[in-house]
Amino acid sequence: MDKFVIKKAKTKSKRTLVDDTGSPTEDLTRKKCRGEEADALPEQTCTWKRIREENLSCDYTSLFKKAEADEIFQQLEKDIVYFTGDLSKVQVYGKWHNVPRKQVTFGDEGLTYTFSGITLSPKPWIPVLDLIRERVQLVTGHSFNFVLINRYKDGNDHIGDHRDDEKELVPQSPIASVSFGASRDFVFRHRDSRGKNSVRTIEPVKLELEHGSLLMMNFPTNVYWYHSLPVRRKVLAARVNLTFRKIKPPSQR
DNA sequence: AGACTTAATGTGC
DNA sequence: TGCACATTAAGTC
């Protein structure tokens with residue numbers, strides 16, 4: 001744990017995110033985010049943006065510099081084959097829909113992930129995913145055994161409000177969200193400030209997920225906050241997002 | 001039993 | 001137009 005202490009922010013951000021003290025947090029330096037020197041200088045890995053609200057804890061950083069992110073994005077576009085047919089449908093409020101994006105899962109053999117009426121079995125790991133997963137582990141100290149990949153072909157593709165709170169997730173484990181391609185807005189909304197049961201007024205938390213970035217969603221964010229990737233009609237390019245998760249082995253369920 | 005819903009749709013700005 | 005937000009109404013856990 002000590003090894004991956006998040007650096008305290010020191011300078012002003014160009015964007016509007018705030019940390020738990022309400023102060024603007026530092027923009028990324030990119031300098032030491034690539035991992036080569038992390039073993040030698042563990043205390044100087046990445047510069048993180050801390051996102052803190054009531055029961056929300058996320059940390060954002062650049063995981064790959066642009067040239068490397070470009071290369072990985074190309075590789076993903078070449079190597080990833082997405083689910084089709086029944087595996088690209090979900091059930092919401094009793095109705096089946098094709099998901100407004102493409103999705104696929106990779107992970108250790110024998111794991112499964114169920115949501116909205118579908119159970120997804122992972123494909124075996126491939127080199128480009130190993131590379132990303134290892135970089136995430138290097139930078140965060142967390143290991144993951146499963147990844148859900150979502151591809152948003154343009155700003156019309158999206159995902160609705162939801163929490164990643166499935167029973168098969170290891171309790172209190174973080175989720176690592178790695179993005180490539182088009183930048184997209186990402187929105188958190190507190191569960192007590194949604195719909196007809198809304199009992200409080202809590203501002204949504206908005207951020208932009210950039211090419212080559214990593215967003216760590218830490219406990220208990222997914223207990224209290226829903227998140228979505230809203231439609232953005234002006235976005236014309238594709239985004240590929242990988243959410244690395246820790247899934248309980250079947251024996252523990 | 002009751003709480004929940006990774007979707008589209010309609011409304012209002 | 002685009003976006004934000006509430007509604008939904010049937011099955012699952």
Side-chain angles (χ1 to χ4, degrees), chain A residues 16 53 55-56 58 80 82-107 111-122 144 146-169 171 173-179 182-209 215 217 219-248 250 252-253:
Chain A
T16 54
E53 294 293 339
N55 290 314
L56 183 151
C58 292
I80 303 297
Y82 293 86
F83 291 143
T84 58
D86 289 346
L87 294 178
S88 65
K89 294 181 186 347
V90 295
Q91 194 182 31
V92 186
Y93 283 96
K95 291 177 178 149
W96 287 94
H97 304 274
N98 289 310
V99 296
R101 61 188 172 277
K102 286 184 185 169
Q103 61 189 20
V104 65
T105 54
F106 289 79
L111 303 175
T112 60
Y113 194 57
T114 297
F115 64 91
S116 302
I118 52 166
T119 296
L120 302 177
S121 291
F144 299 93
F146 191 93
V147 64
L148 169 64
I149 305 181
N150 282 295
R151 182 180 190 273
Y152 304 89
K153 68 176 185 307
D154 59 29
N156 292 307
D157 275 5
H158 62 280
I159 192 164
D161 262 5
H162 68 285
R163 294 179 291 175
D164 291 320
D165 60 348
E166 284 71 29
K167 278 207 263 299
E168 56 264 61
L169 292 168
S173 59
I175 293 177
S177 170
V178 182
S179 298
S183 258
R184 288 288 295 265
D185 290 345
F186 189 74
V187 180
F188 288 98
R189 297 177 69 205
H190 196 283
R191 67 178 188 188
D192 292 344
S193 188
R194 307 166 70 245
K196 59 181 154 199
N197 310 331
S198 177
V199 291
R200 304 173 61 192
T201 301
I202 302 170
E203 280 299 300
V205 174
K206 305 183 182 188
L207 45 153
E208 190 184 333
L209 301 182
L215 177 71
M217 289 185 274
F219 182 82
T221 304
N222 279 124
V223 179
Y224 293 93
W225 294 78
Y226 289 73
H227 58 266
S228 68
L229 190 85
V231 167
R232 287 291 179 266
R233 305 223 181 260
K234 285 173 235 177
V235 174
L236 304 177
R239 167 176 182 262
V240 173
N241 177 68
L242 305 91
T243 47
F244 291 89
R245 298 145 192 269
K246 195 171 282 201
I247 307 282
K248 291 186 218 167
Q252 287 180 34
R253 296 185 269 155

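Since the structure is predicted, the reported quantities are computational estimates derived from the model, not experimental observations. Reckoned from all heavy atoms, side chains included, excluding hydrogens, waters and symmetry mates. Protein chains get the first letters and strands the later ones, always in sequence-line order, with residue 1 at the start of each.
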### Task
Give the rounded distance in Å between these two atoms: NE2 of A:H158 and C1' of B:dA7.
7 Å
### Side chain of A:Q91 - closest among B:dA7, C:dG11, B:dT5
C:dG11
### Query
Any side-chain heavy atom of A:I247 sitting closer than 4.5 Å to one from A:F144?
no
### Query
From C:dC5, C:dC3, B:dA7, pick the nucleotide closest to the side chain of A:R189?
C:dC5
### Message
Using atom P in both nucleotides, what's the gap between B:dA7 and B:dA3 to the nearest angstrom?
### Response
24 Å
### Query
When the ring planes of A:F188 and A:H227 are compared, do they come out parallel, tilted or perpendicular, using 30° and 60° as the limits?
perpendicular
### Task
Report the distance from atom CG of A:D192 to atom P of C:dA6, rounded to the nearest whole Å.
13 Å
### Query
Hey, which of A:K234, A:R233, A:R232 is the one that makes salt bridge (charged side-chain N to carboxylate O under 4.0 Å, His left out) with A:D185?
A:R232
### Message
Side chain of A:K167 only, heavy atoms from C-beta on: which candidate in B:dA8, C:dC13, C:dA4 is closest?
### Response
C:dC13
### Length of the line joining A:K89:NZ and C:dA10:P, which is rounded to integer Å
19 Å
#### Entry: Nearest-neighbour nucleotide for the A:V231 side chain, B:dA7, C:dC3, C:dA4 considered
C:dC3
### Task
Specify the residue among A:T114 and A:Y93 whose closest nucleotide of DNA chain C lies further upstream toward the 5′ end.
A:Y93
### Message
If you only use heavy atoms from C-beta on, which nucleotide in B:dA8, C:dT7, B:dT5 is closest to the side chain of A:K196?
### Response
C:dT7
### Query
Expressed in angstrom and rounded to an integer, what is the separation of A:K95 atom NZ from C:dT12 atom P?
16 Å
### Query
Whole-Å distance between C:dG11 P and A:H97 NE2?
13 Å
### Task
Would you mind telling me which of C:dA4, B:dA7, C:dT7 lies closest to the side-chain atoms of A:K206?
C:dA4
### Query
So A:H190 and A:Y224, would you call those rings parallel, tilted or perpendicular, with 30° and 60° as cut-offs?
tilted
### Query
Does the side chain of A:Y152 pick up a donor-acceptor pair with the side chain of A:R184 at under 3.5 Å?
no
#### Entry: Separation of the P atoms in B:dC4 and B:dA8, to the nearest angstrom
22 Å
### Message
Using the side-chain heavy atoms of A:R101, tell me which of these nucleotides is nearest: B:dT5, C:dG11, B:dA7.
### Response
B:dA7
### Task
For the residue pair A:P204 and A:R189, establish whether any side-chain heavy-atom pair is separated by less than 4.5 Å.
yes
### Query
Could you state the CZ-C1' distance from A:R233 to C:dG2, rounded to the nearest angstrom?
7 Å
### Query
Within the structure shown, what part of the strands sits under 4.0 Å from A:V187 by heavy-atom distance: base, sugar-phosphate, or nothing?
nothing
### Query
Is the shortest heavy-atom distance from the side chain of A:R239 to the side chain of A:R151 under 4.5 Å?
no
#### Entry: Intra- and inter-strand pairs of DNA chain B in dot-bracket (Watson-Crick or G-U wobble, both distances under 3.5 Å; | for another strand)
.||||.|||||||
### Query
With a 4.0 Å cut-off on heavy atoms, is A:D164 in touch with a base, just the backbone sugar-phosphate, or nothing at all?
base
